[in-house]
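To start, the structure under review is shown below, and the notes come after it.
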Protein chains: 2
Amino acid sequence: MSEGRAIPEATVARLAVYLRVLGSLSDGGLSTISSEALANAAGVNSAKLRKDLSYLGSFGTRGVGYVVEVLRERISTCLGVSEHRSVVLVGVGNLGHALAGYGGFRSRGFRIAGLFDADRRRIGEEIAGLCVQAMAELAEVVTQESVSIGVIATPAEAAQEVCDRLVAAGVTSILNFAPAVLVVPDNVDVRKVDLAVELQILSFHEQRKAAGLQVVL
Amino acid sequence: MSEGRAIPEATVARLAVYLRVLGSLSDGGLSTISSEALANAAGVNSAKLRKDLSYLGSFGTRGVGYVVEVLRERISTCLGVSEHRSVVLVGVGNLGHALAGYGGFRSRGFRIAGLFDADRRRIGEEIAGLCVQAMAELAEVVTQESVSIGVIATPAEAAQEVCDRLVAAGVTSILNFAPAVLVVPDNVDVRKVDLAVELQILSFHEQRKAAGLQVVL
DNA sequence: AGCCGCTTGTGAACGTGGGCACAAAGTCGC
DNA sequence: GCGACTTTGTGCCCACGTTCACAAGCGGCT
Ligand SMILES: NC(=O)c1ccc[n+]([C@@H]2O[C@H](COP(=O)([O-])OP(=O)(O)OC[C@H]3O[C@@H](n4cnc5c(N)ncnc54)[C@H](O)[C@@H]3O)[C@@H](O)[C@H]2O)c1
Ligand SMILES: NC(=O)c1ccc[n+]([C@@H]2O[C@H](COP(=O)([O-])OP(=O)(O)OC[C@H]3O[C@@H](n4cnc5c(N)ncnc54)[C@H](O)[C@@H]3O)[C@@H](O)[C@H]2O)c1
């Protein structure tokens, strides 16, 4: 199966996980790995893993497995992180501070090209070697540094406005931490992370478990 | 369709979103809402929304829509957040601080029953009215306060160990922010939030868009 | 060189979820 | 009270994703 084939959304998400797991493994000095072993480490079914990898071409060796370095290379390229990709972060409050200082960004293929906030008092503050800038400078940084991804960590009320400014500046992918539904043009991708939603899903299953016990009693 | 029916995972996730959107709307004084309007606000298809709600029973009024308060009540109950549910947070570093201070927790049905860290220097520190406690006290708090959900915000290396302690203490749902695959018993649910994975998924689509342009040129 | 055992890559079956389209059921105006 | 209009609830079908199972392929051992 060659490169040009459409890769399912679910597969893309797992590829990112495989890449992370391979990162830990190759530190361990392992040079090849079987689908079974990698699948275990990633917490998925081995057939699924093989099918996922088959979308990238077939470069495993039957009877042996996959060469770790080739695999990493292949997945990185597919995900577009074989060289660092630039992101901007808007909203440097509680959450924004944590994100700005987070090393996992860089080690997994991203570079923070700028921090932005609307609050004058925050501007100029230095976090992890970067200065917080005014919103007015957003467009220039996005253009200058070829930023394609924007992260929103402002309050929900400001999210749509910030989103619009990011899109106007040329950003075509947005990761939104604010609990708000964003409206964007067709060519822009949005992913959202809502902590409360995650907890509520867990809560739902707790509810179920409790109900199950009731029946047993 | 009555209560006992199995609710699809995808529906549960959306119910949580509907609940959030209803929160903003009922502040607006609206007493009823049509599936069309709510679907728009939540960014989904109206047929899908109606099907989702139908799993909770049929309590809409044809020709009118749904009574906002009834709807909120119904979804809250289904998700098990009609009264506050207790959670503990382990790992009060950069991310943990932000989470501990986050108001969206409480307003969406959760109460932080305890903050825990392995670092002696962090113990005793007060955040949002709660003191950081030693890991040794974890089990007691979980039991005492009927905590069912644990949030892990420690480094990846410590995640499995922390997870094991949470499970041993009686926690049956875990939200994991550490980039690590957790192994848990069957009766325990795990959800993970991995920022880098989210960014890599966006990056993949950027890659695609760029490839599309190449073809055009 | 040939055979054996291991692992990949994938066809086919199955299950879940999404969306259309419409009948059923209610409201509102007259 | 009746008819026109609105909106729900859902049957049906299609697309996507998961899992099983196995033939094909490769390395290593004799
Ligand atoms: N803190 C958490 O742990 C957490 C967890 C999940 C989700 N969230 C969400 O993330 C978002 C940020 O949370 P927080 O706790 O960091 O809030 P915060 O209030 O501490 O920070 C928000 C920051 O955004 C800035 N801001 C406000 N309006 C802006 C605008 N129009 N343009 C640019 N910057 C603007 C503010 O100046 C502030 O610095 C919120 O939507 C929150 O719901 C937070
Ligand atoms: N900071 C971010 O924005 C961010 C974003 C995404 C994911 N993450 C992940 O979240 C986790 C925490 O990130 P962070 O930046 O807050 O790290 P951090 O180092 O600032 O905080 C980690 C905390 O965990 C505590 N800890 C370590 N081992 C422990 C143990 N065995 N038991 C209990 N507590 C222990 C430490 O004392 C520290 O307080 C990491 O896994 C990181 O990869 C962080």
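Heavy atoms only: backbone and side chains are in, while hydrogens, waters and symmetry mates are out. Chain letters run A, B, ... following the sequence lines, proteins first, then strands; residues in each count from 1.
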### Minimum-distance nucleotide to A:R14 side chain [options: D:dT18, C:dA21, C:dG9]
D:dT18
### Task
State whether the number of non-hydrogen atoms from other residues, nucleotides or ligands found under 6.0 Å of A:E145 atom CD is greater than 12.
yes
### Query
Nearest to the side chain of B:R62, which nucleotide is it out of D:dT19, C:dG26, C:dG9?
C:dG26
### Closest to the B:K48 side chain, choosing from C:dG18, D:dT8, D:dT18
C:dG18
### Query
Taking atom types as modelled and ignoring hydrogens, do the side chains of A:N94 and B:Y102 form a donor-acceptor contact shorter than 3.5 angstrom?
no
### Message
Distance check needed: C:dG17 P versus B:Y55 OH, whole Å only.
### Response
7 Å
### Query
D:dT18 C1' sits how many Å from A:I7 CD1, rounded?
17 Å
### Query
To the nearest angstrom, how far is A:L49 atom CG from C:dT7 atom C1'?
12 Å
### Query
Tell me: CG of A:N40 to C1' of C:dT7, nearest whole Å?
14 Å
#### Entry: Euclidean distance, atom CG of residue A:D52 to atom C1' of C:dT8 [Å, nearest integer]
14 Å
### Query
How many Å lie between OH on A:Y66 and P on C:dC6, as a whole number?
18 Å
### Message
On the nucleotide D:dC26, are OP1 or OP2 found under 4.0 Å from the side-chain N or O atoms that A:T61 carries?
### Response
no
### Query
Between B:K51 and A:K51, which is nearer to the 5' end of DNA chain D once each is assigned its nearest nucleotide?
B:K51
### Message
Is the phosphate of D:dT7 approached by B:S34 (side-chain N or O, under 4.0 Å from OP1 or OP2)?
### Response
no
### Message
Tell me the interatomic distance from A:L38, atom CG, to C:dG9, atom P, rounded to whole angstroms.
### Response
13 Å
#### Entry: First of A:R50 and A:G63 reached from the 5' end of DNA chain D, by closest nucleotide
A:R50
### Query
Hey, does B:A47 reach any base, or is it just sugar-phosphate, or nothing, if we go heavy atoms under 4.0 Å?
base
### Query
Want to settle it: does B:N45 or A:I33 sit nearer the 5' end of DNA chain C, counting the closest nucleotide to each?
A:I33
### Message
Salt bridge check, B:R208 against A:D189: does any charged N sit closer than 4.0 Å to a carboxylate O?
### Response
no
### Message
Quiz question: by atom type and distance under 3.5 Å, do the side chains of A:E73 and A:S82 form a donor-acceptor pair?
### Response
no
### Query
Is there a side-chain contact between A:Q160 and A:V183, using heavy atoms and a 4.5 Å cut-off?
yes
